[in-house]
Amino acid sequence: MKDSRSFSHKQVSIEKEFWEEILEEGISNSEELVKICKIEIDKQQIDVVSKKYPLFINPYYLSLVRRKNDAVWKQCIPNILEVEDDFGFDDPLHEDDRKFSPFPGLTHRYPDRVLMLVSNKCAMYCRFCTRKRKVGRPYMTMTREQILKGIDYIREHPEVRDVILSGGDPLLLKDDELEWILKSLREIRHIEIIRIGTRVPCTLPQRITSSLCEMLKKYHPLYINTHFNHPNEITEASRKACEMLADAGIPLGNQTVLLKGVNDNGKIMAKLMKKLLVMRVKPYYIYQADLTRGTNHFRTKVRDGMEIMGGLRGYISGMAVPHYVVDLPEGGGKVPVLPQYMQDYNKKTGEISFKNYLGESRVYIDGC
Ligand SMILES: *Cc1c(COP(=O)(O)O)cnc(C)c1O
Ligand code: SF4
């Protein structure tokens with residue numbers, strides 16, 4: 001039997017998809033949060049914080065909270081430290097700087113790739129978000145005109161071969177809105193790859209529908225980088241979402257943000273990376289937290305990140321080891337940070353001593 005949705009075009013547009021219904025039940029103020037949450041919450045503090053930085057959590061993501069102050073809680077529940085933070089910058093990476101951004105919503109920092117914001121909504125608002133200044137703000141709604149301007153820019157810049165759609169979350173656009181963008185980009189001859197940065201497989205896996213996958217696979221080579229920060233975010237639903245995307249031929253990567261009290265622990269990080277690989281998601285980056293105002297309580301020391309990386313390489317599949325990067329302030333770009341593996345170099349003899357993953361030294365003789 002035919003799906004009733006295919007009978008009339010009108011019906012398709014009024015009928016809500018399941019993921020849209022989940023979003024409609026999202027929580028955006030302290031009253032709703034207190035009502036739904038069985039855990040005690042300081043309502044007044046939530047009000048103070050969410051006035052400055054919007055609150056939004058969908059019921060699926062909230063259901064991943066196991067107890068107060070756990071890794072999922074810290075990522076989604078407003079914390080008074082956000083407004084007490086007088087350190088940091090609204091736009092630490094200078095994404096909106098005219099030098100890198102010809103107009104709002106497009107950042108062209110690296111020679112051959114651009115970052116384009118196509119949505120200001122997310123399936124939930126992460127408390128540590130680098131784009132706290134933008135996400136969830138009505139005045140930052142991306143208009144069709146703005147996106148068209150971005151596409152025009154890309155068309156006029158033949159050196160651009162890689163476009164990264166970001167936001168907000170591009171997968172919060174409806175299928176046809178997203179398809180319009182992908183189609184327009186694919187019509188540009190010099191665009192080789194398109195990437196989508198999305199947290200949806202983690203925060204709203206129900207958004208990954210078979211019709212979305214059918215649409216996406218028409219625009220290959222298409223890559224998706226998703227964003228999981230903790231093993232508790234990996235569920236049957238998120239596994240299914242990643243499986244569907246991978247089955248549509250989309251290579252999946254993951255970008256994790258190193259967050260104090262959430263995942264700044266070698267064991268947790270190793271577990272997360274291994275679990276990602278099992279669901280066909282290749283760990284791509286671990287980001288050192290940016291200098292974003294309102295997120296200082298999440299920042300670890302770079303040394304801690306280096307130590308965590310030292311605990312991955314050699315211990316778990318190389319496939320599961322991402323690059324640890326610091327995105328330098330003022331648009332300095334990403335730089336990789338590695339534990340110090342190379343110890344001494346003897347110029348005369350060509351002897352280099354390396355520290356291996358167990359901390360033992362081995363000498364290698366350099367080429368001449
Ligand atoms: C991270 C980023 C990219 C993509 O960098 P890759 O290292 O190629 O993944 C592109 N543009 C901007 C502005 C970025 O911040
Ligand atoms: S999903 Fe990404 S863009 Fe959206 S709030 Fe979270 S970190 Fe920010």
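- A centroid separation of 6.0 Å or more is found between the aromatic rings of Y125 and Y53.
- E32 and G26 get closest at one heavy-atom pair: OE1-O, 3.9 Å.
- Considering OG of S30 and CG of L55, their distance stands at 8.0 Å, rounded to 0.5 Å.
- Ionic pairing of D169 and R207 is not present here: no N-O contact between side-chain nitrogen and carboxylate oxygen is shorter than 4.0 angstrom.
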Donor-acceptor pairs are to be reported for all side-chain atoms of residues 325-345 against protein atoms at under 3.5 Å, with residues two or more places apart or in another chain.
from : atom 1 : to   : atom 2 : distance (Å)
Q340 : NE2    : M342 : O      : 3.0
Y345 : OH     : D366 : OD2    : 3.1

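- Within the 4.5 Å cutoff, no side-chain heavy atoms of V83 are placed close to those of K51.
- The heavy-atom pair separating C242 from P201 by the smallest distance is SG-CB, 4.1 Å.
- Within a 6.0 Å radius of CD in E307, no more than 12 heavy atoms belonging to other residues, nucleotides or ligands are found.
- Shown here for S28 and F56, the closest heavy-atom pair between the two residues is CB-CD1, 4.2 Å.
- Contact record, M142 with L117: CE-O, 3.1 Å, taken as the closest heavy-atom pair.
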Step-by-step side chain to side chain contact (heavy atoms under 4.5 Å, CB included) determination, T295 to D290: CA-CA 8 Å; T295 66; D290 294 325; over 6 Å; no
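- Enclosure of atom NZ in K301 is not indicated, since only 12 or fewer non-hydrogen atoms of other residues, nucleotides or ligands lie within 6.0 angstrom.
- Tracing side-chain contacts under 4.5 Å through hydrophobic residues (I, L, V, M, F, W, Y), one never reaches L276 starting from M319; they form parts of separate clusters.
- Residues S166 and R131 bring a donor and an acceptor atom of their side chains to less than 3.5 Å of each other.
- Considering CD1 of I208 and OG1 of T198, their distance stands at 6.0 Å, rounded to 0.5 Å.
- Taking a cutoff of 4.0 Å between a charged side-chain nitrogen and a carboxylate oxygen, K174 and E20 qualify as a salt bridge.
- Taking 4.0 Å as the cut-off between side-chain N and carboxylate O, R155 and D152 count as a salt-bridged pair.
- Between R195 and V163, the closest side-chain pair of non-hydrogen atoms is not below 4.5 Å.
- Note that the CG atom of D42 and the CG atom of D47 stand 9.0 Å from one another [nearest 0.5 Å].
- Residue K43 places its NZ atom among more than 12 non-hydrogen atoms of other residues, nucleotides or ligands, all under 6.0 Å distant.
- By the 4.5 Å heavy-atom criterion applied to side chains, L172 and L204 are counted as neighbours.
- Counting only heavy atoms from C-beta outward, the side chains of K121 and L23 never approach each other to under 4.5 Å.
- D70 places a side-chain N or O within donor-acceptor distance of the main-chain N or O of R66, the cut-off being under 3.5 Å.
- The backbone N or O of A320 sits nowhere less than 3.5 Å from a side-chain atom of S317 that would complete a donor-acceptor pair.
- Closest of all the heavy-atom pairs between C122 and G168 is SG-CA, 3.5 Å.
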Please lay out, stage by stage, how L216 and I196 fare under the test side chain to side chain contact (heavy atoms under 4.5 Å, CB included). CA-CA 10 Å; L216 292 175; I196 296 177; 4.1 Å; yes
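- Atom CD1 of I57 is separated from atom SG of C37 by 7.5 Å, given to the nearest 0.5 angstrom.
- Inter-residue side-chain proximity for P283 and L277 is flagged as met; some heavy-atom pair is nearer than 4.5 Å.
- K271 NZ: 12 or fewer foreign heavy atoms inside a 6.0 Å radius.
- Side-chain contact between K218 and E179: present, with at least one pair of heavy atoms (C-beta onward) separated by less than 4.5 Å.
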Let me see the working for M273 and I286 under side chain to side chain contact (heavy atoms under 4.5 Å, CB included), right down to the final yes or no. CA-CA 10 Å; M273 298 302 143; I286 291 178; 4.0 Å; yes
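- For the pair R109 and F100, the cation-pi test (distance below 6.0 Å, angle within 45°) is passed.
- At distances below 3.5 Å, at least one donor-acceptor pair connects side-chain atoms of H108 with backbone N or O atoms of Y110.
- Nearest heavy atoms, V72 versus E233: CG2-CG, 4.4 Å.
- Residue L106 holds its CG atom at 11.0 Å from CD1 of I147, rounded to the nearest 0.5 Å.
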Please walk me through it: do I41 and K68 pass side chain to side chain contact (heavy atoms under 4.5 Å, CB included)? CA-CA 9 Å; I41 291 171; K68 190 167 184 163; 5.8 Å; no
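- Within 6.0 Å of atom CD in Q44, 12 or fewer heavy atoms from other residues, nucleotides or ligands are found, so the atom counts as exposed in its surroundings.
- By the neighbour-count criterion of 12 heavy atoms within 6.0 Å, atom OH of Y219 is densely surrounded, having more than that number from other residues, nucleotides or ligands.
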Does R280 form a salt bridge (charged side-chain N to carboxylate O under 4.0 Å, His left out) with D247? I'd like the steps, not just the answer. CA-CA 10 Å; R280 292 193 274 170; D247 285 346; 2.8 Å; yes
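- Residue R189 places its CZ atom among 12 or fewer non-hydrogen atoms of other residues, nucleotides or ligands, all under 6.0 Å distant.
- Under 4.0 Å is where a charged nitrogen must lie from a carboxylate oxygen, and between E82 and R127 at least one such pair does.
- The aromatic rings of F89 and F87 sit tilted relative to each other, their planes meeting at an angle between 30° and 60°.
- Counting heavy-atom neighbours within 6.0 Å of E360 CD, excluding the residue itself, gives a total above 12.
- Looking at D96 and R133, their side chains come closer than 4.5 Å, going by heavy atoms from C-beta outward.
- Residues I154 and W180 share a single hydrophobic cluster, defined by chaining ILVMFWY side chains whose heavy atoms lie under 4.5 Å apart.
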Test salt bridge (charged side-chain N to carboxylate O under 4.0 Å, His left out) applied to K134 and E95, step by step: CA-CA 11 Å; K134 287 192 168 168; E95 288 183 320; 5.4 Å; no
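- By the rule that hydrophobic residues join a cluster once side-chain heavy atoms approach within less than 4.5 Å of another member, I27 and V49 end up as members of separate clusters.
- The structure places SG of C202 at 7.0 Å from CE of M124, a figure rounded to the nearest 0.5 Å.
- In this structure the side chain of Y324 never reaches within 4.5 angstrom of the side chain of I308, judged on heavy atoms.
- Residues Y153 and I191 share a hydrophobic cluster, clusters being chains of Ile/Leu/Val/Met/Phe/Trp/Tyr side chains in contact below 4.5 Å.
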With a 3.5 Å cut-off and sequence neighbours excluded, list the donor-acceptor pairs that the side chains of residues 251-265 form with protein atoms.
from : atom 1 : to   : atom 2 : distance (Å)
N254 : OD1    : H227 : N      : 3.4
N254 : OD1    : F228 : N      : 2.8
N254 : ND2    : F228 : O      : 3.4
N254 : ND2    : T256 : OG1    : 2.8
Q255 : OE1    : Y287 : OH     : 3.3
T256 : OG1    : F228 : O      : 2.8
N263 : OD1    : L259 : N      : 2.7
N263 : ND2    : N229 : O      : 3.0
N263 : ND2    : V257 : O      : 2.9
D264 : OD1    : G261 : N      : 3.0
N265 : OD1    : K267 : N      : 2.9
N265 : OD1    : I268 : N      : 2.9

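- Ionic pairing of E243 and K240 is not present here: no N-O contact between side-chain nitrogen and carboxylate oxygen is shorter than 4.0 angstrom.
- Clustering ILVMFWY residues whenever any of their side-chain heavy atoms sit less than 4.5 angstrom apart, transitively, puts I188 in the very cluster that holds V118.
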